[in-house]
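Here the structure is laid out as structure tokens; the discussion comes afterwards.
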Amino acid sequence: MASKVLGLLDLHNSPDLGPLTSSRVLASTSFLGRFAFMDFALSNFSNSGIDEVGILVKSHLRSVLKHMGSMQSWNINTKIGRQTIMFNERGNMNRKKNTDINNFLVNDWVLHESKAKYIIIQPAHVICKIDFEPILKEHIARDEKVTIIYKHITNAHKSFATHNLVNVRNGYVRSFKRNRQLEKDACVSMETYIINRDVLLNLVSEALKTNPMYSFKDAIKKYANTLFKVHAVEHLGYARSFDSLQHFVDYSFELLDYRYAHLLFIKDWPIYTITRDTTPTLYGTKANIHNCFIANGAIVEGRVENSIISRNVKVGRGAIIRNSIILSDTVVGENAIIANAVIDKYCLISDSVHVEGVKGSPKYINQGKRL
Amino acid sequence: MNKRIVAMILAGGKGTRLESLTRKIAKPAVSYGGKYRIIDFPLSNCANSGIDTVGVLTQYESVALDTYIGNGEKWGLNGVRSLTTTLHPRQTEEGLSWYRGTADAIYANLDFLDSVSPQYVLILSGDHIYSTTYNQMLKQHIERGADCTISVIEVDPKEASRFGILVTDEKGAIVKFQEKPKNPISNLASMGVYIFTYSVLRRMLVGDARKKDSSHDFGKDIIPTMLAKKMKLFAYVFKGYWKDVGTISSLHEANMDLLLSSKGQNIYTIKGGNTIFSEDTHSHPQYIGRKARVKDCLINQGAVILGDVERSVISNEVVVAEGAVVKNSVLMPGARIRAGAKVFSAIVGPEAIVSHGEVVNEKQEDIVLITTRRKNNGK
């Protein structure tokens, strides 16, 4: 599959998670204590044998570069594979034009240098496991121009808020419409597409003629059934769209349940991430841990329940953490109490300090705060 | 290439006393500390010392070890200025010959050393656990104009007969050396860590290779010969944690040393300010279950703990099922402790299983090793 496919990780449609994504993109935000969101999409590419990947970055390039490093962790950034950061410099000057299509144009050399006949576009904020190999095979066998991956859900009124709904009949999308969150039962676009090279180039030039602010999402919606038919493939596995701080918390905790976790963490489908060579987690003699993900590098001497503890977090003696997510390098002092909270990186919660939110409305503490 | 210093890591030993743990892998590749293999320590020490050229000499069951070492990427030793290579016994015009001793292993690879033409050669063992940099030792070697500097550590006099023991004068010059003496004359033990000035080492190895009665060993042959010739040998006194794990019980003890409850040290004091580089397994985050009890443990990513674990070191991809109890034990990667099983004072080898309700070593008189695998892999 190596030379046939170019994978594009499109960060332009990533939702805003409020303060959590004020200084970083969702793609590079910490997930389950160990990963960044984009690890999942990049691992989908990598595990599907796609070695040529471009990452369309809209903003906060710093946070993306920090996570990517030499880019060897996910893909084969070697002599036969390539991973490229595509940054829309022009978009910084004109925010309205900071779309994935404009970004693609600024970085059109990526496609020109590639021999890829097919382009797969994937967002970073949808966490799922997709093997593109059989889908591409079908796309080629049916001689399709555009294939979209969608998911049938029964809670569209509460999820996938930023996505389009698709009306699918006989394997093709008949129409797209915005998810106004009125219906429960619906098919949602996963904003994941396979597009033939020439179709993509044509789509981009047509879109720019019509409206320079169009995104891929808009353009596919606009030109479906005129320039091309959109073949629809249903995704049956786990998929969640992380589009709010509440969903970030809820979906993270949902994965503490093995019934969900085993849908995402599958043998022979590794999730690659960068290594930091942190030591294994050290638990004290008075530690008391129930239903938690705990990352390496943590030192836990207190009580932690229904929570996610990230790399290098320290939990002092007598401290209690419940229903909370603690991001990396934060220190929780002795006898401190944290409940229903999201504590960002590098915070210091001093001895005996209480940080408590309420269920359904997590308390968020900014990166680097000292309390 | 002209390198200031090159490290040669002796990693060919079997480690017979580690029983079936080393049946298919060499001792330097044995798991340690939930995440590491023993050889991560000398390799990380090289990386942390800025030594960028490393030859790893392998011989016994070398496939797993060679694959693990690869191009040195795991320790950051794969940059444009670095070179990491494994060096095996090979077939030459004279025929095929195994490494006959530690000195012979280096002698057989003089062509490699010549090609990088170092000023100094650091000789290390691949199976010692300690975290340090070699910069101070090299500085001392250069300042004293030494031919050879041997890193030494003070050991318990009762243990001294297991080591190469040496005596120094007031300036640190080595005046006497005894290899594994019955009646040790001091408690300064050689750590098997040597810095040689390369021109001297080369001459000594060529001379030794010609001797028919030599066992071609640094401790037994090279060092005594150099002392007899009144060459400049100095001791460098190492302070800190250092373990040569020879047996199942000492491997167990070295693991327990990493815990917060251990006296005098834990993983953070042992590693000091250095990073121990290792393989990153692509595991899911470590999960501690609703009914689990976790106390005084060191646990790696990918582990799933649903039972009761205490005073133990637990590696990646280990599963401790609900109702299982693990105490004072080391669980190596992929070990499975089934529901209701009880494991006391044991090392459970990689991928080994303790079945439902099975009780291991209840009496805890000694440390036991469990290596029953799910499948025998045809071996």
Side-chain angles (χ1 to χ4, degrees), chain A residues 30-35 39 43 46-47 70 72-74 252 255-258 261-262 264-301 303-311 314 317, chain B residues 32-36 40 44 47-48 73-76 78-79 131 255 258-262 266-268 270-271 274-306 309-318:
Chain A
S30 166
F31 183 50
L32 301 184
R34 168 165 164 71
F35 303 106
D39 294 339
S43 297
S46 191
N47 290 327
S70 71
Q72 285 187 332
S73 299
W74 302 264
S252 296
L255 286 165
L256 286 170
D257 187 334
Y258 178 76
H262 90 280
L264 196 55
F265 299 111
I266 297 158
K267 204 171 181 274
D268 304 326
W269 197 269
I271 309 300
Y272 303 104
T273 188
I274 48 172
T275 173
R276 291 179 214 260
D277 288 291
T278 38
T279 58
T281 315
L282 195 54
Y283 294 93
T285 48
K286 298 270 157 63
N288 198 339
I289 322 289
H290 302 283
N291 197 34
C292 292
F293 282 131
I294 308 213
N296 274 11
I299 304 177
V300 185
E301 299 193 73
R303 183 181 180 95
V304 189
E305 290 171 6
N306 308 320
S307 294
I308 293 166
I309 305 291
S310 311
R311 291 188 212 239
K314 289 174 184 60
R317 283 181 192 197
Chain B
Y32 170 71
K35 163 168 184 165
Y36 308 100
D40 287 335
S44 296
N48 288 321
E73 184 251 338
K74 297 179 183 81
W75 307 275
N78 61 331
S131 172
N255 273 285
L258 300 169
L259 298 174
L260 276 175
S261 66
S262 89
N266 61 54
I267 186 167
Y268 287 94
I270 287 171
K271 81 184 184 73
N274 305 318
T275 301
I276 311 302
F277 300 102
S278 184
E279 178 177 34
D280 191 33
T281 54
H282 305 294
S283 316
H284 58 73
Q286 131 187 191
Y287 176 70
I288 313 294
R290 285 176 189 282
K291 295 178 188 164
R293 275 185 73 236
V294 174
K295 287 196 194 308
D296 192 22
C297 285
L298 184 71
I299 307 184
N300 196 18
Q301 63 199 25
V304 175
I305 311 296
L306 307 177
V309 295
E310 194 174 337
R311 196 176 139 79
S312 293
V313 172
I314 298 176
S315 311
N316 47 290
E317 275 57 65
V318 163

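Naming: A, B, ... by sequence-line order, numbering from 1 per chain.
Note that OH of B:Y268 and CD1 of A:I299 are 4.0 Å apart. Values are rounded to the nearest 0.5 Å. If you take CD on B:E317 and NZ on A:K267, they are separated by 9.5 Å, rounding to the nearest 0.5 Å.
Under the 4.5 Å side-chain criterion, counting only non-hydrogen atoms from C-beta, A:T285 is not in contact with B:K295. In this structure, the side chains of A:N296 and B:N300 come closer than 4.5 Å at one or more pairs of heavy atoms. B:Y287 is not listed as a side-chain neighbour of A:L32, based on a closest heavy-atom distance of 4.5 Å or more. For the pair B:V313/A:P280, no side-chain contact is recorded, criterion being any heavy-atom separation below 4.5 Å from C-beta on.
Below 30°, between 30° and 60°, or above 60°: for B:H284 and A:F265 the angle between ring planes is between 30° and 60°, a tilted geometry.
Here B:Q301 is the residue among B:K35, B:Q301, B:E310, B:K291 with the most heavy-atom pairs under 4.5 Å with chain A. Comparing B:Q286, B:E279, B:K74, B:K271 by heavy-atom pairs within less than 4.5 Å of chain A, the highest count is held by B:Q286. Counting heavy-atom pairs under 4.5 Å between each of B:V304, B:D280, B:L259, B:I288 and chain A puts B:I288 at the top. The greatest number of non-hydrogen atom pairs below 4.5 Å with chain B, out of A:H290, A:R34, A:R276, is found for A:R34. The candidate from A:L256, A:V304, A:I271, A:N288 with the greatest count of non-hydrogen atom pairs under 4.5 Å with chain B is A:L256. Interface summary for chain B: among A:A287, A:P270, A:A298, the most heavy-atom pairs under 4.5 angstrom belong to A:A287. Comparing B:A292, B:S315, B:A303, B:G33 by heavy-atom pairs within less than 4.5 Å of chain A, the highest count is held by B:A292.
For B:T281, the part sitting under 4.5 Å from any heavy atom of chain A is the backbone (N, CA, C, O) and nothing else. With a threshold of 4.5 angstrom between heavy atoms, A:F35 approaches chain B through side-chain atoms but not through N, CA, C or O. Residue B:L306 does not touch chain A at all, counting heavy-atom pairs closer than 4.5 Å. Neither the backbone nor the side chain of A:E305 comes within contact range of chain B; no heavy atoms are under 4.5 Å apart. Residue B:R293 does not touch chain A at all, counting heavy-atom pairs closer than 4.5 Å.
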Worked verdict on A:N306 versus B:R290 for side-chain contact (heavy atoms from CB on, under 4.5 Å): CA-CA 8 Å; A:N306 308 320; B:R290 285 176 189 282; 4.0 Å; yes
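Checked against A:Y283 for a side-chain contact (heavy atoms from CB on, under 4.5 Å), the options B:I314, B:V309, B:I299 give a single hit: B:I299. Of the listed residues (A:T278, A:D277, A:T279), just one forms a side-chain contact (heavy atoms from CB on, under 4.5 Å) with B:T275, and that residue is A:D277.
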